Amino acid sequence: MRATYKTFFGYYVLISSVFVNAFEPISTTFVVGIGFAAMGRKIYNYLHESCDSKWIDFNSTGLEVALDRKLFGQHVASRVIQKAVTGFMNNKNPKKPLVLSLHGWTGTGKNFVSQLIAENIYKEGMTSSFVHQFVSTAHFPHLSQIENYKSQLQQWIKGNVTNCPRSMFIFDEMDKMHPGLIDCIKPYLDYYENLDGVSYRQAIFIFLSNAGGEHITQVALDFWKAGRDREEMKLQHLEPALSLSVFNNKQSGLWHTSLIDKNLVDFFVPFLPLEYRHVMLCGMAEMAAKGLEPDQDMVDQMARDLVYFPKSEKIFSSKGCKTIGGKLDYYT
């Protein structure tokens, strides 16, 4: 048979009876139009990431182990994330998308947790074409353009969920997002079976924010002053007041948002401020990740040189584990 070249998704593919039969036993008589395009998609999906179980396969055990071994000082967040994500991914017919709002000071693990979730759902992890990350200061910088941002964001989410229902959207720096912007995606997070023929119920939305960090720190400090074990803290000690403080924070993109008002956020996940002992664990893990022999004395020196607060007690690391990598380069 004479071979011909056709273009699919910007790639030139050589089509012949031999090439086609290498993928699946279909007829060598090609059908123009929809049938030909469908064949092109099958060829593309065989060679590239596609929205199926070959590329999207949730590993509950992998997520549990990763949270236990890699996320330090966050027993509340670890438990909530594990149960929420596992329950959602195992639900064959969810009534709405999974919506998580992660709160806490910088360096406490919010971005890292998002990465762990992606790595245990998508084969390609954070580089998957089905994982989409927005950074408020980079993607939505100008207040004067907020209406354009709303339209673009709606189109982007609709297009990507149409392409793959099991899409994940991460919104970073929610505390720097212009108030009112995030409300434009409210319909996609609600309990609708579909909107204009598109179902959003299998998607995951994750919001990351420093907002609420003061409240979380105060609860942790009160526990410490009362001589109570940090591990005694539970979600119910933090979540109710946390959601209220975020809702009323005028400097947050979640200020008076309908997402909170209509109870569309499934969990407000608190990330506790990290103590010296957690910084030590981060440092030892970072050295191992760099292929170095973990040196406790060196990590101890680095950890003691960091800034801790409050000034009088100096309990919590002001930057968590965020600068550990760069600091270790200086000490090694």
Side-chain angles (χ1 to χ4, degrees), residues 62-79 81-82 102-120 125-127 133 135-138 170 172-176 206 208-214 216-221 223-225 227-231 233 269-332:
L63 178 60
E64 183 177 10
V65 171
L67 290 169
D68 181 59
R69 296 182 180 177
K70 299 180 180 180
L71 183 66
F72 305 116
Q74 303 299 351
H75 68 284
V76 177
S78 291
R79 179 173 174 77
I81 293 295
Q82 175 65 26
L102 279 48
H103 298 268
W105 291 130
T106 183
T108 52
K110 301 184 299 295
N111 272 291
F112 185 52
V113 162
S114 301
Q115 176 186 325
L116 294 181
I117 294 172
E119 288 176 350
N120 285 283
M126 288 295 292
T127 63
Q133 187 165 25
V135 180
S136 295
T137 52
I170 303 169
D172 198 0
E173 297 185 345
M174 284 298 299
D175 48 303
K176 297 180 176 66
I206 302 177
L208 312 180
S209 177
N210 288 349
E214 301 92 340
I216 297 169
T217 297
Q218 188 59 54
V219 173
L221 185 60
F223 262 70
W224 182 85
K225 288 181 175 180
R228 299 179 66 181
D229 195 325
R230 176 189 179 99
E231 279 64 36
M233 272 185 279
V269 186
F271 281 71
L272 302 171
L274 300 182
E275 301 173 9
Y276 162 82
R277 55 185 168 129
H278 305 124
V279 174
M280 283 291 295
L281 292 171
C282 289
M284 298 292 280
E286 183 67 21
M287 288 196 75
K290 289 176 178 289
L292 303 172
E293 183 70 27
D295 186 327
Q296 188 164 343
D297 291 337
M298 183 184 299
V299 174
D300 173 71
Q301 182 183 354
M302 178 274 301
R304 291 184 184 281
D305 285 346
L306 297 180
V307 177
Y308 293 85
F309 72 98
K311 278 188 177 181
S312 54
E313 294 90 351
K314 294 185 177 181
I315 308 165
F316 307 122
S317 169
S318 62
K319 294 183 180 179
C321 287
K322 193 176 185 68
T323 60
I324 293 296
K327 292 287 186 181
L328 281 176
D329 289 339
Y330 172 79
Y331 285 90
T332 52

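These numbers come from a predicted model, not from an experiment.
Side chain of S136 to backbone of D172: a donor-acceptor contact under 3.5 angstrom is found. In terms of modelled atom types and a separation under 3.5 Å, the side chain of D300 and the main chain of Q296 share no donor-acceptor contact. At distances below 3.5 Å, not a single donor-acceptor pair connects side-chain atoms of R304 with backbone N or O atoms of V299.
Under the side chain to side chain donor-acceptor pair (under 3.5 Å) criterion, E286 pairs with no residue at all, not counting sequence neighbours. R79 meets the side chain to side chain donor-acceptor pair (under 3.5 Å) test with no other residue; sequence neighbours excluded. For F271, there are no ring pair (Phe, Tyr, Trp, His ring centres under 6.0 Å) partners, not counting sequence neighbours. With sequence neighbours left out, the side chain to side chain donor-acceptor pair (under 3.5 Å) criterion links D329 to K290. Partners of F223 by ring pair (Phe, Tyr, Trp, His ring centres under 6.0 Å), not counting sequence neighbours, listed by chain and number: H237.
For the pair D229 and E231, the tightest heavy-atom approach, listed with the atom from each and the gap, is OD1-OE1, 2.6 Å. Shortest non-hydrogen contact noted between V279 and A303 is CG1-CB, 3.8 Å. Nearest heavy atom pair, residue P270 against residue A77, reads O-CB, 3.7 Å. Contact record, S114 with I206: OG-CG2, 3.9 Å, taken as the closest heavy-atom pair. Nearest heavy atom pair, residue G62 against residue N120, reads C-OD1, 3.2 Å. Considering every non-hydrogen atom in both S209 and A211, the closest pair reads OG-N, 2.9 Å.
Here the CE-SG distance, from M287 to C282, works out to 14.0 Å after rounding to the nearest 0.5 Å. Rounding to the nearest 0.5 angstrom, the gap separating the NZ atom in K327 from the CD atom in Q301 is 11.5 Å. Of the inter-residue distances, the one linking L281 atom CG with Y276 atom OH reads 10.0 Å to the nearest 0.5 angstrom. The CG atom of D175 lies 4.5 Å from the CG atom of N210; values are rounded to the nearest 0.5 Å. M280 contributes atom CE, which lies 14.0 Å from atom CD of E275 (distance to the nearest 0.5 angstrom). Once rounded to the nearest 0.5 Å, the distance linking OG1 of T137 with CD of E173 reads 3.5 Å.
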Check: After noting the C-alpha distance and the side-chain angles of L221 and F309, does the key distance pass the side-chain contact (heavy atoms from CB on, under 4.5 Å) rule?
Finding: CA-CA 10 Å; L221 185 60; F309 72 98; over 6 Å; no
Next item on the list: Step by step, work out the side-chain contact (heavy atoms from CB on, under 4.5 Å) result for D68 and S78.
Entry: CA-CA 7 Å; D68 181 59; S78 291; over 6 Å; no
Item checked: Test side-chain contact (heavy atoms from CB on, under 4.5 Å) applied to N111 and M126, step by step -> CA-CA 11 Å; N111 272 291; M126 288 295 292; over 6 Å; no
Next item on the list: Check the pair L208 / M174 against side-chain contact (heavy atoms from CB on, under 4.5 Å), numbers first and verdict last.
Entry: CA-CA 6 Å; L208 312 180; M174 284 298 299; 5.8 Å; no
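For the residue pair D305 and Y331, a side-chain donor N or O sits within less than 3.5 Å of a side-chain acceptor on the partner. No side-chain donor from either of Q218 and E214 sits under 3.5 Å from a side-chain acceptor of the other.
Each of T217, T108, I216 was evaluated against L272; a single residue qualifies, I216, per the side-chain contact (heavy atoms from CB on, under 4.5 Å) test.
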With a 3.5 Å cut-off and sequence neighbours excluded, list the donor-acceptor pairs that the side chains of residues 312-325 form with protein atoms.
| unit_1 | atom_1 | unit_2 | atom_2 | d |
| --- | --- | --- | --- | --- |
| S317 | OG | G320 | N | 3.1 |
| S317 | OG | G320 | O | 3.1 |
| S318 | OG | V307 | O | 3.3 |

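No side-chain heavy atom of V269 sits under 4.5 Å from any side-chain heavy atom of H103. The closest side-chain heavy-atom distance from L274 to Q74 is below 4.5 Å.
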